[in-house]
Peer 1: 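Let me give you the structure first, and then I'll get to my questions.
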There are 4 protein chains.
Amino acid sequence: MLGRNSYGKSGIRLVRLDRGNASHAVSDLTVAVSLEGKFDAAHVSGDNSSLVATDTMKNTVYALAKDLPGREIEDFALALSDYFLRENPHVSGSEVSIEERIWGRLGATAFEGSSNERRSARAVRSRESVTLESGLKDLLILKTAHSGFSGFARDRYTTLPETSDRLLSTSLTAVWAHRSAAGPFDGRWEAVRLTLLDTFAAHDSASVQHTLYAMGEAALGAHRSLGEIRLTMPNRHHLLVDLSPFGLANENEIFVATEAPYGLIEATVTRES
Amino acid sequence: MLGRNSYGKSGIRLVRLDRGNASHAVSDLTVAVSLEGKFDAAHVSGDNSSLVATDTMKNTVYALAKDLPGREIEDFALALSDYFLRENPHVSGSEVSIEERIWGRLGATAFEGSSNERRSARAVRSRESVTLESGLKDLLILKTAHSGFSGFARDRYTTLPETSDRLLSTSLTAVWAHRSAAGPFDGRWEAVRLTLLDTFAAHDSASVQHTLYAMGEAALGAHRSLGEIRLTMPNRHHLLVDLSPFGLANENEIFVATEAPYGLIEATVTRES
Amino acid sequence: MLGRNSYGKSGIRLVRLDRGNASHAVSDLTVAVSLEGKFDAAHVSGDNSSLVATDTMKNTVYALAKDLPGREIEDFALALSDYFLRENPHVSGSEVSIEERIWGRLGATAFEGSSNERRSARAVRSRESVTLESGLKDLLILKTAHSGFSGFARDRYTTLPETSDRLLSTSLTAVWAHRSAAGPFDGRWEAVRLTLLDTFAAHDSASVQHTLYAMGEAALGAHRSLGEIRLTMPNRHHLLVDLSPFGLANENEIFVATEAPYGLIEATVTRES
Amino acid sequence: MLGRNSYGKSGIRLVRLDRGNASHAVSDLTVAVSLEGKFDAAHVSGDNSSLVATDTMKNTVYALAKDLPGREIEDFALALSDYFLRENPHVSGSEVSIEERIWGRLGATAFEGSSNERRSARAVRSRESVTLESGLKDLLILKTAHSGFSGFARDRYTTLPETSDRLLSTSLTAVWAHRSAAGPFDGRWEAVRLTLLDTFAAHDSASVQHTLYAMGEAALGAHRSLGEIRLTMPNRHHLLVDLSPFGLANENEIFVATEAPYGLIEATVTRES
C-alpha cells in the first residue's frame with residue numbers, strides 16, 4: 001500500500017538581475033518545490049496523468065520569477081506554493097524552499113559572494129493554511145571568551161575535564177516561523193540575525209544549550225512577528241594542543257580545530273501559550 | 001519556553017578490527033547518538049548536572065564496541081540506545097544511527113572500500129518501545145532500457161517532450177522498518193538489497209514513482225520481516241545532446257549527465273492493515 | 001607581459017550508450033580540454049579572433065564521441081587532442097584529460113556505479129610529440145597486517161611511538177606513462193591495477209614510502225608497456241583509541257579513522273636508463 | 001629506480017588565539033609541509049632512519065606557532081620551511097603552504113567566519129634560495145555589466161552566439177611572487193586584493209582572458225613588491241533562460257547558474273625583463 005509520498009524538483013538555480021537602476025541588484029536563488037496529493041495511480045499502475053512533470057515545475061519557477069514584483073524570497077515562496085495548489089486541484093499540499101546566496105556590492109555592477117551563509121525561506125501550504133518560515137544557515141561563529149563547560153554528569157566513561165574557559169564555535173542554522181505571512185521581510189531578517197549574533201557574542205555561556213536558548217529567547221523577545229524559532233548548533237570542537245612534551249605551556253592559545261566527531265545541539269524556543 | 005530539543009554526538013568514527021582468524025574482518029562505522037529528556041535547567045539556567053557530555057557519548061561508543069559480541073550494526077544500535085536510556089533515568093528517548101562503509105576483500109588482511117554506498121541502521125527508543133530500521137544509502141543505479149515518461153499533465157509551462165525511451169538513474173536511499181528487533185540481520189540486508197536491485201533492473205518503468213513503488217512492493221512481498229519501507233530516489237537526469245547542428249543524428253546514444261536541478265521522488269510503501 | 005597561459009573547458013559530462021547488442025555498454029566520462037598557443041591578442045587587447053570558444057570545445061567533445069569507433073578513453077583523449085591541434089594552426093599544445101566512472105553490470109540494461117574509483121587518461125600533445133598516460137584515482141585500500149613504522153628519525157618534537165603493527169590505509173592515485181600510444185588499453189589497465197593491489201596486499205610494509213616503491217617497482221617490472229609510474233598515497237591515519245581509562249585493553253582492535261591531518265607521500269618510479 | 005619524490009603532512013589545522021588585549025585576535029590556519037631529499041633508503045629498503053615522521057612535522061607546526069612573534073602567515077611559512085631545512089642536513093628542499101580562514105569581528109571576543117575566501121602563503125626553499133608567494137583563493141565575484149564575448153573563432157562545431165552583454169562570474173584564485181621575502185605583508189595583501197577587485201569591477205571585458213590580464217597588469221603596475229602574478233579564473237557560466245515558450249521576453253534578467261562544464265582560464269603575468 002502506498003503510504004506518505006511526495007515529489008518535486010530540487011536544486012533549481014535561478015539568478016535574477018534587476019537592471020532598472022544604474023546600480024544593479026542580484027538575486028541568486030536555489031529553489032526546491034515539492035507536492036503532495038492524489039498520486040496513487042502514478043505509483044501503482046504507471047498512469048502519469050496526475051503528475052505535473054518536475055521539468056514543468058522548473059519552468060514555472062523561471063516564468064514566475066520574471067514577473068515577480070519584489071525580490072524577497074518569502075514572497076516568492078508564497079507565490080510559488082500558491083500557484084501549484086491553485087492550478088492543480090488534485091494536489092493537497094505544496095512546499096517551496098528557497099536559499100539565497102548573499103552578494104555584497106563591489107560597485108554599481110560588480111559583486112562579491114564568497115560567504116557560505118545562506119538566507120532561507122520556506123512556505124508550506126495545504127488547502128486550509130500556510131506556514132511561512134525564514135532563516136539563515138551555515139553562519140560560522142566563534143566565541144573566544146565567556147564560555148565554559150562544567151558541572152555536567154559524570155559516569156564511568158567520562159574523561160572530559162571541566163573548563164571555565166574554552167573556545168565555542170558553531171555553524172549556526174536558525175529557522176523562525178512568522179506569525180503572519182505579510183511582509184516586508186528584508187528588514188526583519190536583518191534584525192533577527194543581528195539579535196542572534198549580539199546574543200551569541202555577549203552571552204556568558206555555560207554550555208551550547210545555554211547559549212542556544214538565550215539566543216532563541218532574545219529573538220522571540222525582541223521580534224513580535226516571530227512565532228517560534230528553531231536553532232541548530234553543531235559544536236565545532238577546538239581542542240587544546242598538549243605542548244608539554246616540548247617544554248611549552250599552552251595557556252588557551254594553541255588549538256586544533258576538528259571536524260569530527262561533533263556535538264549536535266538542537267532546540268525550538270516557543271512563546272508561552 | 002523551551003520546545004522540542006535534543007542533543008548528542010555525531011560523526012563518531014570507529015574502525016573495529018576482528019583479528020581472531022587468519023582472515024581479518026573490518027567494521028568501519030560512523031555513529032551518531034542523540035538524547036531527549038529533561039534538559040530544561042541546562043537550557044534555561046546553565047545548570048549542566050543533567051547533561052551527559054557528548055564527549056562521554058563518544059567514549060561510550062568506543063568502550064561498548066570493545067566487548068560487542070557480533071558485528072551487525074543493528075545490534076550495536078540497539079545496545080547503545082539501550083545503554084543510554086538505562087543509565088540515565090532523566091533521559092526519555094535515545095536514538096542511535098550507524099552508517100557502515102562496506103569493505104571488499106583483497107586478501108586475508110587487505111581490503112578495498114571505494115564504494116559510496118553505505119549500509120545503515122537506526123534504533124529509536126523510548127521508555128515504552130523501540131523501533132529498529134535498516135537501510136542503504138547512496139547506491140547509484142542506472143537503467144538504459146525499459147524506461148519512459150509520457151502521458152503526464154501538461155499546462156502552459158510544460159515543454160518536456162514525451163518519451164518511451166530514456167535513461168533512468170538514481171542514487172538510491174532505502175530505509176526499512178523491522179517488525180521485530182531480533183536478528184540476525186546480515187543475510188536479510190543482502191536479500192532486501194538484492195530484491196530492490198532486481199526489481200529496478202527488470203521493471204518496465206513508466207516513471208520514477210512507478211519503479212519506486214514496484215521496488216517497495218517487491219521488498220515487502222518477498223521479506224516478511226519488513227514492516228514498511230521508505231524509498232528516496234532523486235532523478236539524476238541524463239539529457240540527450242542535440243547533435244543536429246553538426247549534421248549528426250543522436251539515437252539515444254550521447255547524453256549529458258546533470259547534477260542540478262534534479263527530480264526528488266520519495267514514498268513509503270506499507271503493508272495493508 | 002603575458003607569461004605562461006592556457007585555457008579550456010573542464011567538467012564536460014558525457015554519457016555514451018552503446019546499444020548495438022542486447023547487452024548495453026555505458027561510458028560515463030568527465031572530459032577536460034586545455035589549449036596553449038598564440039593568445040596574446042586576446043589577453044592584451046581583447047581581440048578574440050584566435051580563441052576557440054570553450055563552448056565549441058564542449059560541442060566538439062560530444063560530436064567526436066558520436067563517431068568514435070571504440071570506448072577506450074585513451075583513444076578518445078588522443079583523438080581529441082589531435083583534432084584541436086590539427087584544426088588550429090596557432091595552437092601549439094593541447095591537453096585532454098578524461099576520467100571514467102566505472103559502472104558494474106546488474107543486468108543486460110541495468111548498472112551499478114557507486115564506486116569513487118575513477119579510471120583516468122591524459123594526452124598531452126605538442127606539434128612534435130605526444131605523451132599518453134593512464135591511471136586510476138581515489139581507490140581506497142586498507143592493510144590490517146604486515147605494516148609497521150619504526151626506526152624513523154627522532155628530534156625534540158617527536159612523540160610518535162614506534163610500532164610493528166598498524167593499520168595502513170590510503171586513497172590511491174596512480175598515473176603511468178605509456179611507452180607507446182598504441183592500444184588496446186583496457187586489458188592493460190586491468191593488469192596494472194591488479195599488480196598494484198596484489199603488491200599492496202602482500203607487502204611487508206616498513207612505511208608508506210616502502211610500499212609505494214614496491215608497488216611502482218612491481219608495476220614497471222610486470223608491464224613492459226609502462227615507461228614510468230607516479231603514485232600518490234595519502235596516509236589515512238587510524239589512531240588506536242585509549243580504552244585504559246575504562247579498564248579495557250585495546251590490542252589493535254578499536255581505532256578512530258581521521259581525515260586530518262594526513263601524511264602525503266608521492267613518488268615517481270622510473271626505469272633505469 | 002626512484003624518481004622525483006616528496007612527502008609531508010597536509011591538513012594541519014591550527015587555531016591560535018592572541019588574548020593579550022581585551023580585543024582578541026584569531027589565526028585560523030591549515031598548514032601543509034612537504035620535504036624533498038635523500039630518502040632512497042626508505043623507499044627501496046625500508047630503512048626509515050632518514051625520515052622525519054609526518055607526526056613530528058605536525059608537532060613542529062604547533063610548537064613553533066607558540067612562540068611566533070607575529071601573525072602573518074608569510075612569516076610562519078618562512079620560519080617553518082627554514083626550520084626543517086636547518087635541522088635536517090639530508091633534506092634538500094622544503095615547502096610550506098598555509099591557508100588562512102578570515103574571521104570578521106563581531107565583538108571584542110566574538111567572530112564570524114563564513115567566507116570561503118582564503119588567504120594563502122607558500123614558501124619554497126632549497127639550500128640556495130627561497131621563493132615566497134602570497135595569494136587568495138575561492139573569492140567569488142560577479143560582473144553584471146561591461147562584459148561581452150564576440151569575434152571569437154568559428155568552426156563547424158561552433159554554436160555559441162556572440163554577445164555584447166553577459167554576466168561574468170568567477171571564483172578567483174591569485175598567487176603572486178614577492179621580489180623580497182621581507183614583510184610586513186598584511187597591508188600589502190589587502191592592497192593587492194583591492195587592486196584585483198577594483199580592476200575586475202571597472203574593466204570593459206571582451207573575454208575572461210582580457211579581464212584576467214588587466215587584473216594582473218594592474219596588480220604588477222600598482223605594487224612594486226610583486227615579481228609576477230598567476231591568476232586562475234574558472235568561468236562560472238550563467239545561461240539565459242529561454243522564456244519564449246511562455247510568451248515572455250528575457251532581456252538579460254533571468255539566468256540559470258551552472259556548475260559544469262566550466263571554462264578554465266589561467267595565465268601568469270610577469271614584468272618585462
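Residue numbering restarts at 1 for every chain, and letters A, B, ... go by the order of the sequence lines.
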Peer 1: According to the interplanar angle, ranging from 0 to 90°, do the rings of H43(B) and Y213(A) count as parallel (below 30°), tilted (30 to 60°) or perpendicular (above 60°)?
Peer 2: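 Aromatic pair H43(B)/Y213(A) classed perpendicular.
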Peer 1: Chain B: which of V31(A), V44(A), L220(A) shares the most heavy-atom pairs with it under 4.5 Å?
Peer 2: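 If we count pairs closer than 4.5 Å to chain B, V44(A) comes out on top.
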Peer 1: Rounded to the nearest 0.5 Å, what separation is found between the CZ atom of R4(B) and the CD atom of E266(A)?
Peer 2: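 Atom-to-atom, R4(B):CZ and E266(A):CD are 9.5 Å apart.
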Peer 1: Under 4.5 Å, counting heavy-atom pairs only, tell me which of L160(B), D204(B), V52(B), N88(B) racks up the most with chain A.
Peer 2: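 Top option by heavy-atom pairs under 4.5 Å: L160(B).
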Peer 1: Quick one: CD on E259(B) to CZ on R13(A), what's the gap to the nearest 0.5 Å?
Peer 2: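 These two atoms lie 13.5 Å from each other.
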Peer 1: Less than 4.5 Å to any heavy atom of chain B: does that hold for the side chain of V33(A), its backbone, both, or neither?
Peer 2: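 Neither; nothing under 4.5 Å.
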Peer 1: Report which part of D155(A) has an atom under 4.5 Å of a heavy atom belonging to chain B: side chain, backbone, both, or neither.
Peer 2: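 Just the side chain, heavy atoms under 4.5 Å.
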Peer 1: First locate atom CG of D47(B), then atom CD of Q209(A), and finally report the distance between them rounded to the nearest 0.5 Å.
Peer 2: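 So the CG of D47(B) and the CD of Q209(A) are separated by 11.5 Å.
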Peer 1: Please round to the nearest 0.5 Å and tell me the distance separating atom OH of Y157(B) and atom OG1 of T56(A).
Peer 2: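 Taking OH in Y157(B) and OG1 in T56(A), the distance rounds to 11.5 Å.
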Peer 1: Given heavy-atom pairs under 4.5 angstrom as the criterion, report whether the side chain, backbone, both or neither of L64(A) touches chain B.
Peer 2: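 Contact with chain B: side chain only.
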Peer 1: To the nearest 0.5 angstrom, please state how far the CG atom of L2(B) sits from the OG1 atom of T270(A).
Peer 2: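 Result: 7.5 Å between the selected atoms.
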Peer 1: Should we count NZ of K66(A) as having more than 12 external heavy atoms under 6.0 Å?
Peer 2: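 Counting other residues, nucleotides and ligands, NZ of K66(A) exceeds 12 neighbours.
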Peer 1: Mind running side-chain contact (heavy atoms from CB on, under 4.5 Å) on V208(B) and Y7(A) for me, showing each step along the way?
Peer 2: CA-CA 10 Å; V208(B) 176; Y7(A) 81 102; over 6 Å; no
Peer 1: Say you draw a straight line from CG of L51(B) to CZ of R154(A); how long is it, rounded to the nearest 0.5 Å?
Peer 2: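 Reported to 0.5 Å precision, the distance equals 13.0 Å.
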Peer 1: Count the heavy-atom pairs under 4.5 Å between each of A153(B), A214(B), S50(B) and chain A, then report the option with the highest count.
Peer 2: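 The answer is A153(B).
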Peer 1: What part of T211(A) gets within 4.5 angstrom of chain B, counting heavy atoms only: side chain, backbone, both, or neither?
Peer 2: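 When you check distances to chain B, no heavy atom of T211(A) falls under 4.5 Å.
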Peer 1: Chain B heavy atoms under 4.5 Å from K58(A): which part of the residue, side chain, backbone, both or neither?
Peer 2: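 Looking at K58(A), just its side chain touches chain B.
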Peer 1: Which region of S205(A), side chain (C-beta onward) or backbone (N, CA, C, O), has a non-hydrogen atom less than 4.5 Å from a non-hydrogen atom of chain B, or is it both or neither?
Peer 2: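 Neither part.
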Peer 1: Do any N or O atoms from the side chain of N48(A) and from the backbone of S150(B) form a donor-acceptor pair under 3.5 angstrom?
Peer 2: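 Yes, N48(A) side chain to S150(B) backbone: donor-acceptor pair under 3.5 Å.
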Peer 1: Hey, are N59(A) and T159(B) close enough side-chain-wise for a donor-acceptor pair under 3.5 Å?
Peer 2: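 There is such a pair between these side chains.
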Peer 1: Please look at T54(A) and chain B and tell me whether the side chain, the backbone, both or neither of the residue comes under 4.5 angstrom of a heavy atom of that chain.
Peer 2: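 Side chain of T54(A) only, per the 4.5 Å heavy-atom cut-off to chain B.
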Peer 1: I need the residue from V269(B), T268(B), I12(B) with the largest number of non-hydrogen atom pairs under 4.5 Å to chain A.
Peer 2: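 Most pairs with chain A among the choices: T268(B).
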Peer 1: Would you call R156(B) and E87(A) a salt bridge, using N to O less than 4.0 angstrom?
Peer 2: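 Answer for the salt bridge query: yes.
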Peer 1: At a heavy-atom distance under 4.5 Å, which candidate from A260(A), P234(A), S49(A) has the highest pair count against chain B?
Peer 2: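 Heavy-atom pair counts peak at S49(A).
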